[in-house]
Structure formats: structure tokens, C-alpha cells
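Side-chain atoms are counted along with the backbone in the values below, which use heavy atoms only and exclude waters and symmetry mates. Letters A, B, ... are given to chains in the order of the sequence lines, protein chains preceding strands, and every chain is numbered from 1.
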Amino acid sequence: MKNNERVRARFAPSPTGDLHVGNARTALLNWLFARHHGGDFILRVEDTDRVRTSDLYERNILEDLMWLGVDWDEGPEKDGGPYGPYRQSERLEVYRGYLERLSAEGRAYRCYCTEEELEKERAELLSRGKAPRYGGRCRNLTAEQRKKLDDEGRAYAYRFKVEEGLIEFTDLIRGPMKFNAEDIGDFIVLRSNAVPAYNFAVVIDDYLMEVSHVIRGEDHLSNTAAQLMLYAAFGFPPPVFAHHALVLGKDRAKLSKRHGSVTVREFRRQGILPEAMVNHLALMGSSYGEGREVMTLEEIVKEFSLDRIGKGGAVFDEEKLDWLNTVYIRKLDLEDLTAIVVPFLEEAGLDVRSRPKEWVEAVLGAVKGNLKRLSDAPYQVEIFLDEHFKVSAEAVSLLREGGSRTVLAALQEALTDGNCPERGFYAFVIDFVRGRTGLKGKALFTPIRAAATGRLEGPELNRVFDILDREAVLKRVAKALAIAASSGTKYGCA
RNA sequence: GGUCCCAUCGUCUAGCGGUUAGGACAUCGGCCUCUCACGCCGAGAACCUGGGUUCAAAUCCCGGUGGGAUCACCA
């Protein structure tokens, strides 16, 4: 740690795609660590890959982080501090001097190899069963050789001259780590397009930004060795490292596109609530004690510790995410639920804007318990909208069963009875039909449900009846009656 | 292939020498109930393997096996 004891953690995404849940977890872990220790959380954009970087991705990543509730004290939108700018593309000047220093001290050299040559070398090494790393072809070029290549106009990159030795450090999650420098080839610090490479830029940025703790995925474990060499070469005190295991897919390989949805954005679109996502991400691979599965961010911040993070990789369990989501959906009050569900309904083409707010809230209140993801809402809500009313195949066959007709006839009679109220007619109608048919339980309710909702499953009938008006139910009953009377060709499958 | 990491129910995990190996999700069964869901109750389900160390090993050590990561002018 630096002389000042302040904890400074960072998340450093590269805007080459939407926020991956694995990266989101890394971000969250850093954020939790910083918040728990009352330190700073920094967001730094690593946009040195000129071809793959895009502004859209950067915007999306920042937006998704905010959506998750992961906020930052310093970052691209909050420049101006002593540590900025926070976009590597805006720090090119900063890196220049350090490269010169390495070069002057003979710790970096020009490499004129072309991509084809490097690729060929790699393939050869690999086919001979050797480690596919740079052999050092340009390491000891003579002045004349260099001049000749320069005169040819060959582009060059800078490589760090790796020296033999042992690199050791203590990982906060994994304990003592040891690497042999020989296993690491001379790596690129400055690309031929004059843009610094990752291992070089991170070291300088983390040092300059006074990052005290680097928490990241274990896919960076071997990079740490290279970075530590740079820290040593510059005489920078290195930060504390902590490498967590990766988020895995069902086949236990690193979670990737082929596993299905992998970005925060995708889950967001499917109606996963931020509370559920953050809860899931924070608890995945960790444990906060028996029965403690549903936790708020504040609770987690309070009890967060790297010690709670397991060393093994954790499979991203969507079913558990869904369960958490149902828990948080049920906690939502009707007003909030309505605000976030309406966009999902509209997206699916259900017009609810024209309906009174109370009506929409009543519908969502009825349907709330049946939602796993918000994207389930349209299916659940459809039954309340005449223009989307359909009768399912199962409902059709039930309506055609012998007993249904008498119930439906009685129901029709009840709804047209002079004493039937316009609204709140559920009790009246049920009493009426029960009295008329002498039926009760399933035999009584199922045909009514099938007629009124077109389905065999759904919200409680009294709630359905409280929302639908008498005319609408009457129409549906008429339709049901027609289905009951039909042979099976006309309404074969609705 | 080199290097590094990891290893308890299907999944996420608790366990830190002596436990009927606990919890959660999922699954299955029951109750509740007009249905589904919810809720409640219950069930099945795990210590990768072989050696040690020890009175005693899921726990400590070593070997094996298995899985993963990484070896880019990507981060």
C-alpha cells in the first residue's frame, strides 16, 4: 500500500462490448471493497484498442453500472481531480515519458517483427509443443541492423526486456504466488501505432492514480507477473493484488456468449431487477451465513470481506437469479412495479397507456406473484385486454367437457340477471351459479376461469372479476358457450 | 505443451481434526387452494481418488485424476 493508508480500488473496463456479468461482478467486488473500507472507487476506461472500442459501449457500460447501483468517486464523467483524465486514450501524453525512461535505461527495445512473422513463430513453437511466446528476435539487434530496418521504413513496437528471476507476491485471495520470469516472453509495452499496450498502461495508471488494491479476475494472474516487473523497473511500489475466480457457464468454462445471455444489459431487458442482479453477483461464490441469501447492498457493504470469496469458479445460476428476482418483485409496491412493468407491456404491444392508472395497478397487483422476470408480464396481462384475449387449447378442451355447459349457461344467466351489479359482481355471480348448478370447488370454478380468462391457470378469480367489467365477461362467456357447442373443427386450437 | 489456479449435494456454499456433513436455489412429495404461483411442511441429493500424519480426517501433507485460466501489437 502507498504511504497514505487510504483504500483506492478501481474498475477498468474496456469499451469493446456491453458489460459482461463477470466484469460486473469484478466491478461490484471492487466497489464493495472500497465502500466497506470507506475508500475511493475509481472508474477508468481502458480504450486503447482502437479498432474495437466504441463510444456506445462506453456509454452502455457506465449506464449499466449506474443501473446496478455501482457508483464511482472518480471517472470519465467526473474528471478534474488530481488523477484524471480517466480515459486511457486521453492519457497518451502521460505514458510517453515512462516509455522514454524504459528505453533510455535499456529496459525496452524496438521490435520490428511483423504480425505474420510473430504468428509463424507462435505456430511453430506450438506445433513443437513449446510455450508459444516471443523468442526475442529483435532483442539484440545491432545498430546497423536497426538502421537498415528503419531505412526500410519498417514499423516497430517497443518490448519490455524481461530479465531472469523470480517474481513473488502475496495475493489477498490466493496467498503466496510465484512466477519464473523466464516463462514470460518480452512483452509489448508500446504498439507500433504508438498506443501503449495494456500491461504498460495499467501499471502507470494504477501508480499515478494511487490505486491501493487491484481486485480482478484470475485471468490476470499471469499478467501480474509482467506488471510487477514493470513496477520494479520504475521503482513504483506495487498495489495489493487479489485475483478472484471467474464466473462460469454450465459447462464450467468461462462464461461467454455461447452460454446464452451474458451481459447485464440482456438481463435488464428481460426484466431482471438491479437489486436481484447485484444481490446475485455479490453472493455468487461467497457466503454470508446460513439463510442469508437475500441481502441489500448496504448489508453486503457492511459485512463484505475478500475472505468470503471462494477460490473456485462459480457457475452463473440463472435459476437462482430468477428466484431472487421474484423476491424483489414481490417487495415492490404497486406504484413502482407499474412504473417499471409498463415499458415491458408496451414493448410487447399491449396498450395500457389509455387505461386508468388504478386499473393498471389492479392488474399488476393480481399478476405480481406470477412474475419471474418482468418480461413475463405481457403474457400474464393479456387476459385482461379484450384485443388480446385468446382461449388456450387446454381451456378449449375443458370447455367442451360435459359439465362446463351448465356452468356457463348459469354464468350467462347470472351476468344478465337484473340484480347483477356492474362492478364487484364476483360474489353475486358465484353464488348464483353455485345455487343454480349445485356445484362447488373445481367443477364450479374451472369452467368459469376458462371462460373468463381463456386459460386454466392465472390470478385469483375474484381479482380477475374485479378488474373485468360485466360486458366483457359476458362476451367471453358467449364465446365459451360457442366453443362448448362446437365439434372441434372451428375452435380446434385457439 | 509450459506456467498458474481450483476441487463438499445438479448449482452456489457452510465446515477451518471428533458434526446424524448444515443452509440456499433447483427437483420431488404433502398441506393450503377454483387453477398456476405464493406460503408452510417434508424427502431425495455431496466430501474426486490413492497414499500418508493422527487415537481420530471433508478438514493437515504428498502423489494421481479431473476441471479451469493463461501463454496477442485484447484487455
Categorize [X] for me: base, sugar-phosphate, or nothing, with a 4.0 angstrom heavy-atom threshold over every strand shown.
X      : answer
A:I448 : nothing
A:T48  : sugar-phosphate
A:D322 : nothing
A:H243 : nothing
A:G285 : sugar-phosphate
A:A314 : sugar-phosphate

[N] to [M] separation - [atom1] atoms, rounded to the nearest Å:
N     : M     : atom1 : answer
B:G10 : B:C62 : C1'   : 32 Å
B:U33 : B:C28 : P     : 23 Å
B:U59 : B:G15 : C1'   : 8 Å
B:U54 : B:C47 : P     : 26 Å
B:G17 : B:U53 : C1'   : 11 Å
B:G67 : B:A72 : C1'   : 25 Å
B:G29 : B:G44 : C1'   : 10 Å
B:A43 : B:G22 : P     : 11 Å

Pair [X]-[Y], side-chain donor/acceptor within less than 3.5 Å:
X      : Y      : value
A:Y158 : A:R110 : yes
A:S404 : A:R400 : no
A:E46  : A:Y198 : no

How close or far is atom [atom2] of [N] from atom [atom1] of [X], stated in whole angstroms?
X      : N     : atom1 : atom2 : value
A:R133 : B:G1  : CZ    : C1'   : 12 Å
A:K178 : B:U3  : NZ    : P     : 13 Å
A:D219 : B:A72 : CG    : P     : 15 Å
A:E182 : B:C4  : CD    : C1'   : 15 Å
A:E168 : B:C4  : CD    : P     : 12 Å
A:E121 : B:A72 : CD    : C1'   : 12 Å
A:N199 : B:U70 : CG    : P     : 14 Å
A:Y112 : B:C73 : OH    : P     : 17 Å

Protein proximity profile, nucleotides 22-38 of chain B - base contact B, sugar-phosphate-only contact S, no contact -, cut-off 4.0 Å on heavy atoms: BBBSS-------BBBSS
If we ignore hydrogens and angles and just use 3.5 Å, is the side chain of [X] paired with the main-chain N or O of [Y] as donor and acceptor?
X      : Y      : result
A:Q412 : A:A409 : no
A:N279 : A:M295 : yes
A:N60  : A:D18  : no
A:R470 : A:L415 : yes
A:H220 : A:I215 : no
A:R159 : A:F187 : no

With a 3.5 Å cut-off and heavy atoms only, can you find an N or O donor on one side and an acceptor on the other between the side chain of A:S222 and the base of B:C4?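 Looking at the base of B:C4, it does not pair with any donor or acceptor on the side chain of A:S222 (distance under 3.5 Å).
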State the pairing partner of [N]; accept Watson-Crick or G-U wobble contacts with both distances under 3.5 Å, and report none otherwise.
N     : result
B:C32 : none
B:A7  : B:U65
B:G18 : B:C55
B:U70 : B:G2
B:C38 : none

Which of these nucleotides, B:C5, B:U3, B:U11, is closest to any side-chain atom of A:M177?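 My answer, after comparing the listed nucleotides, is B:C5.
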If you check the A:D183 side chain, which of B:U3, B:A72, B:C12 turns out closest?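 Closest nucleotide to the A:D183 side chain: B:U3.
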Hey, does the side chain of A:R252 come within less than 4.0 Å of B:C5's phosphate (OP1/OP2), counting only N and O?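 No, no such contact exists.
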For the pair A:R10 and A:M209, evaluate side-chain contact (heavy atoms from CB on, under 4.5 Å) and give the outcome as yes or no after the intermediate values. CA-CA 9 Å; A:R10 46 67 161 185; A:M209 295 181 182; over 6 Å; no
Both A:E218 and A:E115 contact RNA chain B. Which one's nearest nucleotide lies toward the 5' end?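 Upstream on the strand: A:E218.
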On RNA chain B, does the nearest nucleotide to A:R52 precede the nearest nucleotide to A:G312 from the 5' side, or the other way round? Give the residue.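 Whichever sits nearer the 5' end wins; that is A:G312.
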